[in-house]
Colleague: 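The structure's right below; bear with me while I get my questions together.
Below, read A as the first sequence line, B as the second, and so on, with proteins coming before strands; counting in each chain starts at 1.
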2 protein chains.
Amino acid sequence: MVANRNSIIRLSRYKNALNRLQSLGFVKVFSDNLADAVGCTASQVRKDFSLFGISGNKKGGYQIDNLLEKLQYILGKDKIQKVIIVGAGNIASALMKYKGFEKEGIRLTAAFDIDPSKFKKNNEIPILPLEELKTVVKENQIRIAIIAVPDVAAQQVADLLFEAGIKGILNFAPTRIKSPDDCVVNYVNLEHELENLIYFVNVLDKTKVK
Amino acid sequence: MVANRNSIIRLSRYKNALNRLQSLGFVKVFSDNLADAVGCTASQVRKDFSLFGISGNKKGGYQIDNLLEKLQYILGKDKIQKVIIVGAGNIASALMKYKGFEKEGIRLTAAFDIDPSKFKKNNEIPILPLEELKTVVKENQIRIAIIAVPDVAAQQVADLLFEAGIKGILNFAPTRIKSPDDCVVNYVNLEHELENLIYFVNVLDKTKVK
DNA sequence: TTTTTTTTGCGATTTTTTTCACAAAAAATA
DNA sequence: TATTTTTTGTGAAAAAAATCGCAAAAAAAA
C-alpha cells in the first residue's frame with residue numbers, strides 16, 4: 001500500500017469529520033466538504049480515497065455510512081484494540097481518565113509501573129507491577145503499548161515490550177527507541193510541538209514586518 | 001526559509017540529543033552521531049544544518065556548544081516562552097504537573113476554565129476564569145496557547161484567543177480550527193496517533209505473512 | 001613533506017507528495 | 001430527449017523532501 005504517516009492521519013481526520021456529519025443527519029458528502037472539514041484540498045481527499053480503493057459516485061459524492069465503514073476497516077476499527085500503558089505518572093492518569101478512547105474501539109487494558117505505591121489492582125484500568133506485563137500482554141494478545149516513563153528507562157521498557165510481543169509503541173519519553181524491523185514506534189513530544197509552534201509563530205511575525 | 005514542520009521537529013531532536021551528549025561530557029559530534037541519535041541519515045543532518053546556515057569543520061565535525069546555541073536560537077530559546085492553557089481538565093493537569101517545560105524555557109503561565117469549581121488563583125500555575133484570559137495574555141504579551149477543551153468549544157475558545165493576541169495554538173481538541181493567516185495551529189490527537197500505529201502494525205503483520 | 005583518511009557542504013538526482021486538469025459519469029434542467 | 005451542470009477518478013505535472021555523490025578542507029599518518 002502506498003500509505004505514509006500523513007495519509008493515514010488524514011484518514012483518521014476524515015473518519016472524525018464523517019462521524020460528526022453523520023450525527024448531524026447527513027447521509028452523503030462531497031470531497032470538498034471533507035476537505036473543508038479537515039483542512040486540505042478536495043483533490044487530496046479524492047486521491048487518498050483512490051489510493052485505498054475507495055470510490056464514490058460521480059455527481060453523487062460519497063455515501064457517509066459506506067465511507068465510514070471502509071475507513072474504519074482500514075484503521076483497524078473492525079475489532080477492539082487493546083492497549084497498555086507503561087509508567088503510571090501524569091500522562092498515564094490523564095489517558096486513563098479520558099473517556100473518548102472506548103467509543104473509538106481503543107481499550108486501555110492496564111497500566112504498569114515499578115513503584116508499588118502506585119499499584120491499583122482493582123481499578124477499572126488496573127495499575128499492575130511491571131513483572132506482570134508479559135503475562136497480561138500474552139493472555140490478551142496485546143500488540144500496542146504506550147510508553148510514559150522517564151527517558152532513561154524508555155529503551156529498557158521498550159525492549160521488555162518487544163520481548164512480550166508488542167508490535168507498536170507510542171512513545172511519550174523524549175528519546176529515540178531502537179526497535180526490531182517488525183515493530184513500529186511513533187513519538188509524541190509536547191516540548192517539540194511547542195518549539196515547532198514557536199518557530200512558526202516567529203517566522204510569521206518576521207515576514208509580517210516586511 | 002526552506003523550513004517545513006518535519007525539519008523543525010528534527011532540529012528539536014538534534015537539540016535534545018546534543019544536550020544529552022553534552023551532559024555526558026562530549027564536546028564535538030559528527031553528523032552520523034546525530035543521525036544515529038535521532039534516527040535519520042547523516043546527509044539529512046548536514047542538509048538540515050546547511051539550510052539553516054549552520055556549518056561545522058571538515059574532518060572535525062561540529063562543536064556541540066556552538067551548535068546548541070544556534071539551534072536554541074532558531075527554536076526561540078533565547079527568551080522564555082510563556083504559554084497558557086485553556087481548559088483545566090486531565091490534559092491540563094498533566095501538563096501543569098510536568099516539570100520538564102521550565103528547563104526548556106517554556107513557562108506555563110496560567111490555565112483558564114469556565115467552571116468556577118476549578119479556579120485556583122493561588123496555585124503556582126493559577127487556574128483563572130476565562131474572563132481574565134485577555135488581560136493576562138495582553139499583560140504578559142503571550143503568543144502561544146494550548147487548547148484542551150471539549151471539541152464543541154474549541155473554535156469558540158480559539159476565536160477568543162486570536163482576539164486576545166495569541167498567534168500560535170497547540171490544539172488537543174479533536175476538531176480543526178479555522179485561524180487567521182498570521183496564526184498557526186498545530187494538532188495533537190492521541191486517538192489518531194494510536195490509529196496510525198494500529199494501521200502500521202497491521203501492515204507489517206500482513207507483509208510478514210507473505 | 002607527501003599521502004591517506006575522514007568528514008563536511010552542497011549541487012544534482014531521485015523519490016515522494018501534492019496539485020492540476022480533464023474525461024467520464026450521472027443527475028438536473030430545458 | 002438533448003443539454004447543461006456537477007462531481008468523481010486518475011494520469012500527468014509540479015512541488016517538496018530526501019538521498020546521492022563527490023570536491024574540498026583538514027587532520028592524521030607515513
Side-chain angles (χ1 to χ4, degrees), chain A residues 1-14 17-18 21 26-71 74 176 187 192 196 199-200 203, chain B residues 1-14 17-18 21 26-71 74 176 196 199-200 203:
Chain A
M1 179 50 49
V2 220
N4 59 64
R5 182 185 149 83
N6 287 336
S7 69
I8 304 300
I9 291 285
R10 283 197 301 271
L11 294 195
S12 286
R13 289 181 178 161
Y14 301 147
L18 289 167
L21 289 169
F26 288 92
V27 172
K28 65 177 190 178
V29 263
F30 302 120
S31 55
D32 64 327
N33 303 141
L34 279 173
D36 272 4
V38 312
C40 66
T41 65
S43 72
Q44 178 138 62
V45 173
R46 296 200 301 275
K47 184 63 114 186
D48 283 338
F49 289 172
S50 128
L51 251 39
F52 285 94
I54 295 172
S55 59
N57 314 297
K58 300 235 160 113
K59 176 118 190 187
Y62 303 83
Q63 205 70 20
I64 292 180
D65 53 1
N66 179 261
L67 190 48
L68 260 175
E69 214 169 85
K70 284 175 175 161
L71 291 178
I74 294 168
R176 177 175 155 67
Y187 296 81
H192 293 179
N196 201 268
Y199 174 83
F200 285 105
V203 167
Chain B
M1 179 48 51
V2 220
N4 60 65
R5 184 187 147 82
N6 288 336
S7 69
I8 304 300
I9 292 284
R10 282 197 302 271
L11 295 194
S12 286
R13 288 180 177 163
Y14 300 148
L18 289 166
L21 289 169
F26 288 92
V27 171
K28 64 176 191 180
V29 262
F30 301 120
S31 55
D32 63 328
N33 304 140
L34 279 172
D36 273 4
V38 312
C40 67
T41 66
S43 71
Q44 178 137 63
V45 173
R46 295 200 299 277
K47 184 63 116 187
D48 283 338
F49 288 173
S50 126
L51 250 40
F52 285 95
I54 295 172
S55 59
N57 313 298
K58 301 239 158 106
K59 176 120 191 186
Y62 303 83
Q63 205 70 20
I64 292 180
D65 53 1
N66 179 262
L67 190 47
L68 260 174
E69 213 168 86
K70 285 177 175 160
L71 291 177
I74 294 168
R176 175 173 157 70
N196 201 268
Y199 174 84
F200 285 105
V203 167

Colleague: Over how many whole Å does the gap from A:D32 atom CG to C:dT19 atom P extend?
Modeller: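 That distance rounds to 15 Å.
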Colleague: Whole angstroms only, please: what is the CD1-P distance between B:I54 and C:dT7?
Modeller: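 One finds 20 Å between P of C:dT7 and CD1 of B:I54, rounded.
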Colleague: Grab the CG-P distance between A:L51 and D:dT10 for me, whole Å please.
Modeller: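 Distance, rounded to whole Å: 10 Å.
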Colleague: Can you tell me if A:D32 uses its side chain to pair, donor with acceptor, with the backbone of A:A35 under 3.5 Å?
Modeller: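 No.
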Colleague: Sugar-phosphate means primed atoms, P, OP1 and OP2; the rest is base. With that split, encode nucleotides 20-30 of chain D 5' to 3' as B, S or - using protein heavy atoms under 4.0 Å.
Modeller: BB--BBBB---
Colleague: Can you check the A:N66 CG to D:dT8 P distance for me, whole Å?
Modeller: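 After rounding, the gap between these two atoms is 14 Å.
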Colleague: Rounded to the nearest Å, what distance is computed from the CD1 atom of residue B:I8 to the P atom of nucleotide D:dA17?
Modeller: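 So the CD1-P distance, B:I8 to D:dA17, works out to 11 Å.
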Colleague: So B:Y62, base contact, sugar-phosphate only, or nothing? Heavy-atom distance under 4.0 Å.
Modeller: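 The residue B:Y62 makes sugar-phosphate contact but no base contact.
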Colleague: Does the side chain of A:V45 reach to within under 4.5 Å of the side chain of A:F30, using non-hydrogen atoms?
Modeller: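 Of all side-chain heavy-atom pairs linking A:F30 with A:V45, none is under 4.5 Å.
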Colleague: To the nearest 0.5 Å, what is the distance between CG on A:D65 and CZ on A:F26?
Modeller: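 So the CG of A:D65 and the CZ of A:F26 are separated by 15.0 Å.
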Colleague: Taking C-beta and beyond as the side chain, do B:L67 and B:F49 meet within less than 4.5 Å on heavy atoms?
Modeller: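 Yes; the side chains approach each other to less than 4.5 Å.
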Colleague: Base, sugar-phosphate alone, or nothing: which one does A:S7 contact when heavy atoms must sit under 4.0 Å apart?
Modeller: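 No contact.
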Colleague: With a 4.0 Å cutoff (strictly under), does any side-chain N or O of B:Q44 reach OP1 or OP2 of D:dA17?
Modeller: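 No, outside the criterion.
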Colleague: Can a donor-acceptor pair be found, under 3.5 Å and without considering hydrogens, that links the side chain of B:D48 to the backbone of B:L11?
Modeller: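 The answer is no, because no donor-acceptor pair under 3.5 Å joins these two groups.
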Colleague: Could you check if a side-chain atom of B:C40 sits within less than 4.5 angstrom of a side-chain atom of B:Y14, using non-hydrogen atoms only?
Modeller: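 A side-chain contact under 4.5 Å exists here.
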Colleague: Figure out the CG/P separation between B:N6 and D:dT19, and round it to whole Å.
Modeller: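 My rounded result for the distance is 12 Å.
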Colleague: Are any of the side-chain heavy atoms of A:R46 and A:Y62 separated by less than 4.5 Å?
Modeller: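 They are in contact (side-chain heavy atoms under 4.5 Å apart), so the answer is yes.
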Colleague: I need the CZ-P distance between B:R10 and D:dA16, as an integer number of Å.
Modeller: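 Roughly 16 Å, once rounded to whole Å.
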Colleague: Suppose we define a pair by two distances each less than 3.5 Å, Watson-Crick or G-U wobble; what does C:dA21 pair with here?
Modeller: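 Partner of C:dA21: D:dT10.
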Colleague: Atom CG of B:N4 to atom P of D:dA18: distance rounded to whole Å?
Modeller: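 Distance, rounded to whole Å: 6 Å.
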